[in-house]
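Start at 1 and go down the list; that is how both ligands and their atoms are numbered. Throughout, residue positions are numbered sequentially from 1 according to the sequence presented.
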Amino acid sequence: MTTEATVAAECEYVRVAVERGIDRYPDGLVYRVDSALGAVALGSHVQVPLGRGNSPTDGVVVVSGGGELLDRGLDPRKVKGVLTVDRSQRPLPETVVRLAQWIAAYYCAPIGVTLASITPSAVRKGIGHTKQLMVDLAAEPPPGKVHPKRARILEAIAALPSTQRPAEAAQLQEQCGLATRAPIVALVRSGHLVATHRSVVRAKWASEAIPEGPTPTPTREQSAAIESIGARLDGGFSQHLLFGVTGSGKTEVYLRLAERVLNAGKSVLVLVPEIALTPQTCGRLSARFPSLAMAILHSGLTQAQRHEQWLVAGESAPTIVIGARSAVFAPIPDGRLGLVIVDEEHDHSYKQDQAPRYHGRDVAIRRAQLAGCPIVLGSATPSLESWWNATVRGASTLHTLTQRAPGLRTPRVEIVDFRVESRLRPDRRVHLIGPTMEGALRRAFDDGGQAIVLLNRRGYANWIACPDQGCAWMMRCDHCEAGMVVHLGTELTHGMRTTRCHHCGASQKVPLRCPRCAKAVSIFGLGTQRVEEELERLFPDIAASSGIVRVDSDTMGSAADFHAALGGFGRGETRLLLGTQMIAKGLDFPNVRVVGVISADTALNLPDFRASERTFQLVSQVSGRCGRGDNPGRAILQTFQPDAPAIVAAAAQDYANFAREEVAARTRYGLPPATRLARIVVRHAVREEAEAIAATLRESLAALDAARDAEVKEPAPCPIARIADRWRIQIEVIAPTAPALQKLIAQGRNAGIIVPGEIVAVDVDPVALL
Ligand code: ADP
Ligand code: ZN
Ligand code: ZN
């Protein structure tokens, strides 16, 4: 007689997190593993039957074991069996599986969506896999003579060291000078060789020239940071904030620490904001560690490249894994990760704006905790969250670099009051570049220097309206509560002016006349295209030799475009780089004499409590791009608000003061980092529906137990009240600590009040509130 207990004891069981969009079972569902399937390790990709129809569903094994998994009174005879195991993919490391579960819980995201977003689709689909023919000598070749030409092939294999056998047919063919592979295949047929196939992933790489420079000797400040973080490398998890002014040589600190970890046989994970910084940082890393394996993971790779790099990251040998946000999931084997570095940790591109809405920096901290290794967050303008952790909470150790690296000069930063400057022009045309900036650029070019000009808004102009104030017509998107932005001639429009919505992507032609009163329509406002037009007018010689390059997401369709643009600037072919925040970060070019900020207050008046912080960061970062050679460099900040504290502090390069004031203000208003915030957005095509759902949700949430330790605000329209035809109502939830916030969200989720999906989006620790 078989009892339930004996059935259970004899079998292997797994818990599988299924990758469908259902927001349930983050701990996985229990399945039986029949012995025919072999052992199924944690992290394996499997197919399991799901639901009444038993439809085959992909999933990942989150626990593997025996009968002990059958808790909660599960009848083993009712447990379904795993259908298939995908042996072509390496199982995910346990750390990565735990990370996914943590994300699903913390960021209130369905486990399925979270797991699915971890493994690149190229890996899942096997893109880039090619089969190689491998041959080796047969153990018992047929008797008789072999043709001398073919005998040469057999001798060549016999001469190979055992590590190189079986031999790759293609290599053998080359080695023996064979015109075709036919003689090798013939030897397989005749039984002299045995053939096997090896599956490899090999991507085409556009290899980059790597700059080789002498290794600098660390400064006293750099050494202090290296030594004090270095002393913690073997001590398990620790968190460090490396606060170093722009050009203070933070990268050198990373490199020295990485060197120690790699020498100790462990791997290093380096995160950089989106594709912008990968080429330069990769160049520096591979120049320093030319013989080491390096895996590069970012959105600009082809599918095959991504697959290849993912496999490299999974090697046990010491490897540098570098990439944007999603590289935090790199499959570095358990126990192999020795150090995590997050460069430009303040950057908002670390936050993913769709589910799972995770913050790459915070996930990296969690990963370091799980891996038991140190993490270094670096920035010249730390996020107030990281500053708070280091200076108030004591959760991380602060290391400061106050001086620029030897050979770099501190740029002079000038605030230009644009209300005054714009009156200085004799003509009455609207100019975006005032006399001060124009003069500085002209001087830089005359001296053979280069310049960077920033305007954080793409397109031509963002204001299309009737000039008649009584009429007040303004062009808005048909699908969003937002204005349209003029974009100049794309092929589609044959040079006609079209507008685009930056929220939903819709485009429309610009009407010549006001649809209400038929007056000729006016176009105002700023955009990088318009700055480009003005620069071309001011500096025709430089424009004529293609010396002006615009870098924004309209011109940079791919990472390769961006690499090319930076390459041209590095070689000096490009004299002026004009662009959005893409050019504000990390770039290190010694010949930049002038940095111009067209409108330092672009982001200052956005309805977001981080508007000041963002402005400070952007302006300080871009100013730090000059003064990296023997010339001190000038940064010119045009602004209509010359007294705004964020701009004054950025010009004075006084982060500490800015942070103190801003933290005090946030504390006063009960905002992060002094508290924790989550934002629940209800989205619906029918406005009243959105409002009704939000009202019910708010009421149920506020009635929960855990709501006593949190504040659940009344529903209110989002600042952009409709995007892509869906109305948006937000509920802000504020709690004194992360655990208090988590408790409320978990209760809301378990009670079915918060069901993340199409209608309800939850953003924990949001970085933008529009
Ligand atoms: P950050 O990332 O802090 O802005 P970088 O790491 O880009 O600064 O360093 C700026 C420049 O200074 C780089 O070109 C780097 O090679 C150089 N540098 C860094 N440390 C030193 C040093 N100790 N001696 C000389 N040059 C250095
Ligand atoms: Zn729109
Ligand atoms: Zn009108």
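Side-chain atoms of Asn389 and Leu241, non-hydrogen and from C-beta on, never get closer than 4.5 Å to each other. His502 has its side chain within reach of Arg458: a pair of non-hydrogen atoms, C-beta onward, lies under 4.5 Å apart. At a threshold of 4.5 Å between non-hydrogen side-chain atoms, the residues Thr251 and Asp588 do not count as touching.
Ranking the protein heavy atoms by distance from atom 6 (O) of ligand 1 puts Thr251 OG1, 3.0 Å first. Counting only heavy atoms of the protein, atom 25 (C) of ligand 1 lies nearest to Pro216 CB, 3.6 Å.
The atoms of ligand 1 that sit less than 4.0 Å from any heavy atom of Thr219 are 23 (N). Distances below 4.0 Å separate heavy atoms of Ala405 from the following atoms of ligand 1: 12 (O), 18 (N), 19 (C), 20 (N), 21 (C), 27 (C). Counting atoms of ligand 1 from 1 in the listed order, those under 4.0 Å from a heavy atom of Arg628 are 4 (O), 7 (O), 10 (C). Heavy-atom contacts of Val245 reach the following atoms of ligand 1: 3 (O) (cutoff under 4.0 Å). With ligand atoms numbered from 1 in the order given, ligand 1 contributes 4 (O) to contacts under 4.0 Å with heavy atoms of Thr246.
Ligand 1 has no nitrogen or oxygen under 3.5 angstrom from a nitrogen or oxygen of Leu408. Taking distance alone, with nitrogen or oxygen atoms compared against 3.5 Å, Thr217 approaches ligand 1 more closely than that limit. Annotation: Arg625 places no N or O atom under 3.5 Å from an N or O atom of ligand 1; distance criterion only. At under 3.5 Å, a nitrogen or oxygen of Lys250, whether backbone or side chain, sits near a nitrogen or oxygen of ligand 1. Polar contact check, Gly244 against ligand 1: no nitrogen or oxygen pair lies under 3.5 Å apart.
The proximity of Asp588 to ligand 1, defined as any non-hydrogen pair under 4.0 Å, is limited to the side chain. Neither the backbone nor the side chain of Glu221 has a heavy atom within less than 4.0 Å of ligand 1. When non-hydrogen atoms are compared, ligand 1 lies under 4.0 Å from the backbone of Ser248 as well as from its side chain.
Under a 3.5 Å cut-off, the side chain of Asp343 and the backbone N or O of Val272 do not form any donor-acceptor pair.
By the 4.0 Å heavy-atom criterion, Arg404 is excluded from the residues contacting ligand 1.
Rounding to 10°, one obtains 110° for the angle at the Zn ion (ligand 2) between SG (Cys480) and SG (Cys501).
Side-chain contact, Arg260 with Asn263: no donor N or O sits under 3.5 Å from an acceptor N or O.
Among the atoms of His502, none of the N, O or S atoms falls under 2.8 Å from the Zn ion (ligand 2). The Zn ion (ligand 2) has an N, O or S atom of Cys477 under 2.8 Å away, backbone or side chain.
Partners of His684 by ring-ring contact (aromatic ring centres under 6.0 Å, His included), not counting sequence neighbours: none found. The ring-ring contact (aromatic ring centres under 6.0 Å, His included) test applied to Phe243 returns Trp387, Tyr655, not counting sequence neighbours. Under the salt bridge (charged side-chain N to carboxylate O under 4.0 Å, His left out) criterion, Asp468 pairs with Lys519, sequence neighbours left out.
A salt bridge does not link Glu259 with Arg288: every distance from a Lys NZ or Arg NE/NH1/NH2 to an Asp or Glu carboxylate oxygen is 4.0 Å or more. Taking a cutoff of 4.0 Å between a charged side-chain nitrogen and a carboxylate oxygen, Arg610 and Glu662 do not qualify as a salt bridge.
When all heavy atoms are compared, the tightest approach of Leu488 to Gln529 is N-OE1, 2.7 Å. Across every non-hydrogen atom of Tyr254 and Val376, the tightest pair is CE2-CG1, 4.3 Å.
Less than 2.8 Å away from the Zn ion (ligand 3), the protein contributes these N/O/S atoms: Cys466 SG, Cys471 SG, Cys514 SG, Cys517 SG.
Distances from atom 15 (C) of ligand 1 to the heavy atoms of Glu344, Glu252, Arg284 show the closest one on Arg284.
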